[in-house]
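A quick write-up on the structure given underneath.
Counting starts at 1 for both ligands and their atoms, following the listed order. All residue numbers in this chain count up from 1 along the given sequence.
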Amino acid sequence: MPENKTLVMKFGGTSVGSADALLKATQIVKDARAEYPRVVVITSAMSGVTNLLLDAAAQASQGKVDSLPATESTLREKHFAAADALIQDETLRETTKQEINTLILSLVDLCKAIAILGEASPRTMDAVASIGERMCVRLLGAVLESGGVSAKAIESTEFVITNAHFQHAHPDFKVTTEKTRAVLNPLMDAGIVPVTTGFIGATPEGAITTLGRGGSDYSAAIIGSVLPADDVWIWTDVDGVMTTDPRIVKEARTLPEITYSEIAELAYYGAKVIHPKTIRPVVDAGIGLRICNTFNPSHPGTRLIANVPSDLHPRNGQVVKAVTAIRNQRLVTIEGRGMLGVPGVAARAFGAVASTKTSVPLITQASSEQSICFAVPSEAAESVINALQAVFASEIEDEDIDRVWMTEDVSIITVVGVGMRHTPGVAGQVFSHLGDSKANVLAIAQGSSEVSISMVVVAADTELAVNALHEMIVK
Ligand code: ASP
Ligand code: MG
């Protein structure tokens with residue numbers, strides 16, 4: 001074990017969302033320091049804060065600033081209550097509150113400017129969204145200090161350098177590596193825990209950017225990979241990755257391990273575990289990643305493991321590892337005998353879908369080529385149908401396309417497991433379990449990675465299908 005072992009820990013919104021949570025986070029940092037001489041802490045905004053900020057900006061862009069005072073006081077109460085409860089030293093407490101207040105006032109200024117302009121550019125939205133993490137980093141830094149951890153709050157805008165794709169910025173890994181090491185290493189060398197903002201970075205010119213909603217997991221992976229750290233721990237409010245949603249199946253349990261491709265599939269199919277972009281930097285750098293629960297810290301959580309050749313022999317014969325459901329989807333079908341063998345129909349169809357800025361989680365096409373069927377989120381379905389009718393207007397008139405239609409609400413149920421790739425008959429088992437459950441299956445798709453099989457069921461059968469498929473997971 002190298003003497004200078006480094007650990008990067010990221011606390012999600014609920015893990016810093018109240019005085020009680022912050023106290024638990026403080027203890028977690030202390031315990032980690034006993035094991036790791038070098039610790040970097042990354043924080044999200046307190047839970048609910050990013051939404052509050054973005055709502056305020058959205059209102060302002062319609063000229064509405066009436067609710068600004070209420071937003072201001074909610075933000076003040078939330079941060080100040082925690083500061084009052086946890087920061088004993090009066091000077092530290094007052095300066096922390098003052099810094100937070102300055103950020104709140106900058107939100108008010110930004111919103112007023114937005115209201116005058118009547119619009120908020122992506123760049124402005126990032127400036128607004130960044131305020132949550134920038135408030136929280138000051139609070140957490142001071143709370144740690146009060147808890148006896150020598151800590152320093154710094155904004156990641158100083159060292160996470162990104163392009164100017166506001167709201168979805170991409171880091172420049174080369175510059176970020178140099179800067180992160182230059183800023184964080186001297187602090188850690190001096191025995192200080194750097195506490196920094198997740199979610200945000202800055203362009204080389206210094207404009208604040210964000211990495212996309214939920215992006216502070218990605219920040220942890222970026223910072224962990226460029227240092228590089230030995231391990232990255234993501235602290236959240238559940239015991240790691242579960243076999244399924246415990247609200248649907250009471251036997252759901254935590255998976256001790258999950259492979260990179262399984263977690264990518266789960267993230268894609270709606271399991272809110274970690275931000276999908278988190279995976280790549282840690283895989284590329286060969287760094288460990290653990291997902292664990294601030295409110296149950298002695299639980300080992302879930303470890304991400306490489307896609308080892310043991311894929312060939314799934315542990316304990318466990319082929320299916322997890323089941324997920326994405327609700328509120330519609331199946332859209334384009335149907336017509338005139339589509340047979342006509343090139344370009346799919347391209348035009350998905351071009352039309354893309355023009356509505358809708359992403360498609362599942363596609364199936366029968367080999368007869370007489371229909372293309374895909375899922376879209378319910379709220380986007382109508383605009384998708386309109387776009388398809390417009391792009392195929394002449395085919396519809398000529399009756400080459402008979403109709404473009406959509407179902408009522410459906411759910412996409414996905415079973416995930418790398419072992420499926422080498423185990424014949426899994427699909428058969430999946431369908432016989434589903435058949436026994438009497439859930440009505442409308443469409444099926446298997447990813448070419450063979451790590452998952454997805455089925456579309458009517459909304460009312462969601463629980464039935466998930467429960468039936470969860471029985472396949474070896475207890
Ligand atoms: N606070 C940001 C968000 O709510 C980033 C994060 O929490 O990961 O999207
Ligand atoms: Mg999150």
Region of His275 that comes within reach of ligand 1 [heavy atoms, distance under 4.0 Å]: neither

Gly215 heavy atom under 4.0 Å from ligand 1: yes

N/O separation below 3.5 Å, Gly214 to ligand 1: yes

For the student: nearest non-hydrogen atoms of Cys111 and Ala60, plus distance: O-CB, 3.3 Å

Sidechain-backbone polar pair: Thr259 side chain, Glu262 backbone, donor-acceptor under 3.5 Å: yes

Phe374 and Phe350 aromatic centres sub-6.0 Å: yes

Phe166 backbone acceptor or donor facing Thr209 side chain under 3.5 Å: no

Exam field: side chain Thr243 to backbone Arg253, donor-acceptor pair closer than 3.5 Å: yes

Atoms of ligand 1, numbered as shown, that sit under 4.0 Å from any heavy atom of Ser44: 6 (C), 7 (O), 8 (O)

Atoms of ligand 1 close to Glu133 [distance to a heavy atom under 4.0 angstrom, numbered from 1]: 1 (N), 2 (C), 5 (C)

Distance-only donor-acceptor check, side chains Ser378 and Asn328, under 3.5 Å: no

Arg213 N/O to ligand 1 N/O under 3.5 Å: yes

Polar contact flag for Ser216 and ligand 1 (N/O pairs, less than 3.5 Å): yes

